[in-house]
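Working notes, beginning with the structure itself.
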Amino acid sequence: MSGHIPFVALRGVRYGQAPRMTMAAFFESRGFGTELQERYYRWWYEWARDFVARDPDLSAAKAVEFNSYPMGQHALHSFHLNDKMWAAAMSDLGDFIRELILPRLDDAARHKLEEAHAQMLHELEAEAAKTPRPPVPDVGYFRHV
């Protein structure tokens with residue numbers, strides 16, 4: 001599954017390799033502008049929220065994390081990132097999904113998820129081809145203000 005979903009890999013994304021930048025590169029390589037990045041995030045957010053609501057253990061312990069949109073430590077903040085808010089939010093949500101939800105899925109459910117993800121990604125990529133994202137500014141990725 002790690003070859004299909006960008007936040008699933010246990011090494012290289014998670015341990016000191018700047019997962020926000022991995023997600024930003026994923027978005028940039030597909031030409032996703034801010035609107036498509038949010039749609040990608042929302043798809044995962046709604047999938048995770050629905051999964052948590054149906055799981056008694058996760059619902060009791062983690063449903064509160066879905067009380068606001070977007071969820072996570074970096075919700076609604078680009079802070080020092082240059083237009084990378086959705087990459088940061090997706091990194092937080094991806095950690096949640098990778099650590100708490102994916103281990104609960106059997107092989108059939110994982111395969112179904114991969115197919116749904118591939119379909120959604122194909123639709124977003126088709127839309128990205130119609131509306132190219134603005135060019136990346138000359139300002140570096142990290143700017144401290």
Side-chain angles (χ1 to χ4, degrees), residues 1-137 141-143:
M1 186 183 264
S2 63
H4 304 288
I5 299 174
F7 52 80
V8 173
L10 290 179
R11 300 274 191 262
V13 170
R14 182 171 172 208
Y15 295 105
Q17 298 280 324
R20 296 183 306 249
M21 297 312 293
T22 301
M23 287 306 308
F26 174 80
F27 290 148
E28 285 183 18
S29 71
R30 283 160 178 77
F32 290 2
T34 305
E35 180 184 324
L36 294 179
Q37 290 175 31
E38 181 181 4
R39 285 181 46 198
Y40 183 85
Y41 176 87
R42 182 172 286 282
W43 188 87
W44 279 111
Y45 176 87
E46 290 175 0
W47 180 84
R49 184 190 63 203
D50 294 344
F51 187 93
V52 167
R54 289 189 314 270
D55 184 281
D57 294 333
L58 286 177
S59 180
K62 296 294 186 175
V64 67
E65 294 193 32
F66 291 91
N67 284 346
S68 64
Y69 174 86
M71 69 164 292
Q73 175 182 353
H74 299 101
L76 299 175
H77 296 287
S78 282
F79 55 99
H80 63 279
L81 297 174
N82 183 17
D83 295 327
K84 303 290 188 267
M85 185 196 99
W86 293 111
M90 189 67 236
S91 176
D92 289 344
L93 179 59
D95 290 346
F96 181 91
I97 292 169
R98 182 186 60 243
E99 299 296 325
L100 299 174
I101 295 178
L102 294 182
R104 295 172 177 267
L105 299 178
D106 60 15
D107 288 338
R110 285 183 184 185
H111 185 67
K112 184 178 176 184
L113 175 62
E114 284 178 346
E115 289 177 353
H117 176 259
Q119 176 63 32
M120 178 268 304
L121 195 54
H122 178 70
E123 292 169 7
L124 291 179
E125 287 172 341
E127 194 167 328
K130 293 179 198 172
T131 57
R133 62 181 272 152
V136 178
Y141 284 123
F142 295 96
R143 61 175 179 212

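Within the 4.5 Å cutoff, the side chain of M71 has heavy atoms near those of the L93 side chain. Put simply, the side chain of I101 reaches to within 4.5 Å of the side chain of W47, judged on heavy atoms. Put simply, the side chain of E65 does not reach to within 4.5 Å of the side chain of V52, judged on heavy atoms. Inter-residue side-chain proximity for W44 and F96 is flagged as unmet; no heavy-atom pair is nearer than 4.5 Å. Taking 4.5 Å as the limit, every side-chain heavy atom of L36 sits out of range of all side-chain heavy atoms of R30. A heavy-atom distance below 4.5 Å is found between the side chains of M23 and Y40.
Here the shortest heavy-atom pairing between Y41 and A89 reads CE1-O, 3.4 Å. Here the shortest heavy-atom pairing between A87 and A24 reads CB-N, 3.6 Å. The minimum heavy-atom distance linking D55 with L58 is given by the pair OD1-N, 2.8 Å.
Rounding to the nearest 0.5 Å places CD of E99 at 11.5 Å from CZ of F7. We find the CG-CZ distance between N67 and R49 to be 10.5 Å, quoted to the nearest 0.5 Å. Atom NE2 of H122 and atom NE2 of H117 lie 13.5 Å apart (nearest 0.5 Å). Atom CG in L105 sits 5.0 Å away from atom CZ in F51 (nearest 0.5 Å). Here the CG-CD1 distance, from L102 to I5, works out to 6.5 Å after rounding to the nearest 0.5 Å. Note that the CD atom of E123 and the CE atom of M120 stand 8.5 Å from one another [nearest 0.5 Å].
Under the rule for a salt bridge (charged side-chain N to carboxylate O under 4.0 Å, His left out), the partners of E46 that lie at least two apart in sequence or sit in another chain are R42. Applying the salt bridge (charged side-chain N to carboxylate O under 4.0 Å, His left out) criterion to E35, with sequence neighbours excluded, gives no partner residue. Scanning for ring-ring contact (aromatic ring centres under 6.0 Å, His included) contacts around F32 gives an empty result, with sequence neighbours left out.
Under the 3.5 Å distance criterion, the side-chain polar atoms of Y45 are matched with a main-chain donor or acceptor of F66. Formation of a donor-acceptor pair under 3.5 Å by the S29 side chain with backbone atoms of A25 is found in this model.
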I would like to know whether R110 and D107 meet salt bridge (charged side-chain N to carboxylate O under 4.0 Å, His left out); could you show each step before the answer? CA-CA 5 Å; R110 285 183 184 185; D107 288 338; 5.1 Å; no
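In the model, Q119 has no side-chain atom that pairs as donor or acceptor with a side-chain atom of E115 under 3.5 Å.
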